[in-house]
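Everything on this sheet refers to the single structure shown next.
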Amino acid sequence: MRNKNLGLQEYRFLLRAIVGSGIGEETYAPRNILSGFEEHPTLKDSILEMEEFFYDTLDKLFAKSRISPKEIDVLVVNISMLSVTPSLSSRIINRYKMREDVKVYNVTGMGCSASLISIDIVQGIFKTMKNAFAVVVTSESLAPNWYSGSNKSMILTNCLFRSGGCCILLTNKSNLRHRAMLELKCLVRTHLGAIDEAFECCMQVEDEQGHNGFHLSKHLPKSATRAFIENLKTLAPKVLPMRELLRYVIVSRFRKRSKENSLRNGGKALVNFKTGIDHFCVHTGGKAVIDGVGRSLGLTQHDLEPSRMTLHRYGNTSASSLWYVLGYMEAKKRLKKGDRVMMISFGAGFKCNSCLWVVVRDLEGENAWKDCIEHYPPKNMVNPFMEKYGWINEEDPFCL
């Protein structure tokens, strides 16, 4: 309502979007937006948003792991939509007085899939650096990136993106295996940036009035599907048992699949990924993203519950959303030793990144869900905004 650029049609569009988004009423936003200063963010607002998150989360990480900041050999920070000088990674190094030889990577512009990209960077470094510690810091900057215009393809992001983030400690020290939570088995990255349609489907731009925002095009579902399929082609042989791969080859060779059969199959994959995967962390890019991945992989409501509940409780926290989904599984005590967890993320560019983790020990520790997990899944997830603001649909456009 503070946005003077919006009219009745935009209000109606936003009402439909938020009611159908799957997002609840307890998500988080930066201080400047809650205080009403979203149209004129300052550099101080942007840095404050990041530093409050960095220092609180890293303090907890170092305390819980009993690892000193001076023991960290690699630091990777991924914030897609904020680049400052000194860098955000330098601010962390200064705060915790890390060593002079710490390897530092400041990753920007990678979108919602940046977390797995950061993990991949660490995996590559660990191939040549033995007995090392690495910290990945993943979040997103919203304080300077709230859209104040009226373009429908851009105001949609205000309904989806929320504040959040996490820090991940990784090591290749074999003597610490007993303390680990997860072991990374493989990671696959797919990038369709060479295809114009895919490259342009998620893009930071200015609208006709000069307002900065994030444009989501009508080609986004098509590009996401294509990237997802290409990613699974590489991932499947790495994570599925041989019997399932052989079954797929036999079925593909001897069964002629007509368009009618494809429709009858509901668009589900011929490959049964549940033969090699126990849990699925699906990026909370929106209700449609979760539903689409679920249909493609033939997942049940139980499989998708962690992603749906994360979207409801925290919204789309960009690259960190996968870890909130994982946290939900941990809080619900679903993760047992030997379980295999698949993470699936999408990002601007257009990218699809996925990986496979194996649970090293039974997980049931406290995390970000500790204050609310007993209330999830809620009995009623009906969004109250239609009841509260439904009158907008009855308004006379000439009287407003």
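Residue numbers run from 1 in the order of the sequence given.
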If you apply the rule salt bridge (Lys or Arg N to Asp or Glu O under 4.0 Å), what do you find for Glu305 with Arg334, and how did you get there? CA-CA 12 Å; Glu305 179 187 305; Arg334 291 189 182 186; 3.0 Å; yes

Leu170 vs Val74, side-chain contact (heavy atoms from CB on, under 4.5 Å): CA-CA, chis, key distance, verdict: CA-CA 9 Å; Leu170 302 119; Val74 182; over 6 Å; no

May I have the step-by-step check of side-chain contact (heavy atoms from CB on, under 4.5 Å) for Arg91 and Ile47, ending in yes or no? CA-CA 10 Å; Arg91 293 174 184 275; Ile47 295 176; 3.4 Å; yes

Using side-chain contact (heavy atoms from CB on, under 4.5 Å), reason through Val325 and Tyr328 one step at a time and then give a plain yes or no. CA-CA 5 Å; Val325 178; Tyr328 181 90; 5.6 Å; no

Can Met98 and Ile92 be said to form a side-chain contact (heavy atoms from CB on, under 4.5 Å), step by step? CA-CA 8 Å; Met98 293 182 174; Ile92 293 173; 4.1 Å; yes

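Taking the ring centroids of Phe273 and Phe280, they lie at or beyond the 6.0 Å cut-off.
Remark: His219 engages no residue in a ring pair (Phe, Tyr, Trp, His ring centres under 6.0 Å) (not counting sequence neighbours). Residues forming a salt bridge (charged side-chain N to carboxylate O under 4.0 Å, His left out) with Asp303 (at least two apart in sequence, or on another chain): Lys274. Residues that satisfy the side-chain contact (heavy atoms from CB on, under 4.5 Å) test with Asn212, not counting sequence neighbours, are Glu206. Contacts of Arg66 classified as salt bridge (charged side-chain N to carboxylate O under 4.0 Å, His left out), with partners at least two apart in sequence or in another chain: none. Applying the salt bridge (charged side-chain N to carboxylate O under 4.0 Å, His left out) rule to Glu200 yields no partners; only residues at least two apart in sequence or on another chain are considered. A search for salt bridge (charged side-chain N to carboxylate O under 4.0 Å, His left out) contacts involving Arg99 returns Asp73, Asp101, not counting sequence neighbours.
At a cut-off of 3.5 Å, with distance as the only test, a side-chain donor of Thr42 or Asp45 sits close to an acceptor on the other residue. Side-chain N/O atoms of Asn393 and Tyr11 include no donor and acceptor closer than 3.5 Å.
Here the closest heavy-atom approach between residue Gly315 and residue Thr27 is recorded as N-CG2, 3.6 Å. The two atoms that bring Ala319 and Gly111 nearest to each other are CB-O, 3.9 Å, heavy atoms only. Taking each heavy atom of Leu14 and Cys159 in turn, the nearest pair found is CD2-SG, 3.5 Å. In terms of heavy atoms, Gly149 sits closest to Leu6 at O-CD2, 3.5 Å. Taking both residues in full, the closest heavy atoms of Leu216 and Leu156 are given as CD1-CD2, 4.1 Å, listed atom of the first, atom of the second, then distance. The two residues Arg340 and Val239 have their closest heavy-atom pair at NH2-O, 2.8 Å.
When the shell of 6.0 Å around CZ of Phe13 is examined, it contains more than 12 heavy atoms from other residues, nucleotides or ligands. Heavy atoms of other residues, nucleotides or ligands lying less than 6.0 angstrom from CD of Gln209 number more than 12. For CZ of Arg177, the number of neighbouring non-hydrogen atoms (other residues, nucleotides, ligands) closer than 6.0 Å is 12 at most. The number of heavy-atom neighbours closer than 6.0 Å to NZ of Lys332, taken from other residues, nucleotides and ligands shown, is above 12. Counted within 6.0 Å of CZ on Phe37, heavy atoms from surrounding residues, nucleotides or ligands total 12 or fewer; the atom is thus considered open. Lys60 NZ: 12 or fewer foreign heavy atoms inside a 6.0 Å radius.
Residue pairs that meet the side chain to side chain donor-acceptor pair (under 3.5 Å) test with at least one member in residues 360-372, sequence neighbours left out, are Glu330-Asn367. Contacts classified as salt bridge (Lys or Arg N to Asp or Glu O under 4.0 Å) and involving residues 312-323 (residues at least two apart or in different chains) are given here: Glu26-Arg313. Applying the salt bridge (Lys or Arg N to Asp or Glu O under 4.0 Å) test to pairs two or more places apart or on separate chains, none has a residue in residues 152-164. Within the structure, every pair that satisfies the salt bridge (Lys or Arg N to Asp or Glu O under 4.0 Å) test and touches residues 238-252, not counting sequence neighbours, is listed here: Glu244-Arg247.
A cation-pi geometry, defined here as NZ or CZ lying under 6.0 Å from the six-membered ring centre and within 45° of its normal, holds between Arg95 and Tyr55.
Hydrophobic clustering keeps Phe350 apart from Met110 (ILVMFWY residues linked when any side-chain heavy atoms are closer than 4.5 Å, directly or through intermediates). In the hydrophobic clustering of ILVMFWY residues, with side-chain heavy atoms under 4.5 Å counting as a link, Tyr105 and Leu75 come out apart. Residues Ile79 and Phe214 fall into different hydrophobic clusters, defined by Ile, Leu, Val, Met, Phe, Trp and Tyr side chains chained together at heavy-atom separations under 4.5 Å. Leu169 is connected to Tyr96 through a chain of hydrophobic side-chain contacts under 4.5 Å among Ile, Leu, Val, Met, Phe, Trp and Tyr, so both are in one cluster. Transitive grouping of hydrophobic side chains (ILVMFWY, heavy atoms separated by less than 4.5 Å) brings Leu82 and Val77 into a common cluster.
We find that Glu39 and Arg2 are not joined by a salt bridge, their nearest charged nitrogen and carboxylate oxygen being 4.0 Å or further apart. Taking a cutoff of 4.0 Å between a charged side-chain nitrogen and a carboxylate oxygen, Glu71 and Lys173 do not qualify as a salt bridge. Note on Glu52 versus Arg31: salt bridge recorded, some NZ/NE/NH1/NH2 to OD/OE distance being below 4.0 Å.
The closest side-chain heavy-atom distance from Thr284 to Val289 is not below 4.5 Å. At least one side-chain heavy atom of Cys112 sits less than 4.5 Å from a side-chain heavy atom of Asn316. Between Lys222 and Cys201 there is no side-chain heavy-atom pair separated by less than 4.5 Å. Between Asn353 and Asp120 the shortest side-chain heavy-atom distance does not fall below 4.5 Å.
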Throw together a table of side-chain donor-acceptor distances under 3.5 angstrom for residues 133-145, partners on residues two or more places apart or in other chains.
residue	atom	partner	partner atom	Å
Thr138	OG1	Asn78	ND2	2.8
Ser139	OG	Gly164	O	2.7
Glu140	OE1	Ser80	N	3.3
Glu140	OE1	Met81	N	3.0
Asn145	ND2	Met81	O	3.2
Asn145	ND2	Ser141	O	2.8

Hey, can you pull the donor-acceptor pairs under 3.5 Å for the side chains in residues 230-237, sequence neighbours left out?
residue	atom	partner	partner atom	Å
Glu230	OE2	Lys233	NZ	3.4
Asn231	OD1	Ser354	OG	2.5
Asn231	ND2	Val188	O	3.1
Asn231	ND2	Thr190	OG1	3.1
Asn231	ND2	Cys352	O	3.0

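The aromatic rings of Phe385 and Tyr389 lie parallel to each other, their planes meeting at an angle below 30°, with 60° marking the opposite boundary. The aromatic rings of His211 and Tyr147 sit perpendicular, their planes meeting at an angle over 60°, well past the 30° parallel limit. Ring-plane geometry between His283 and Phe346 is classed as tilted, the angle between the planes lying from 30 to 60 degrees on a 0 to 90 degree scale.
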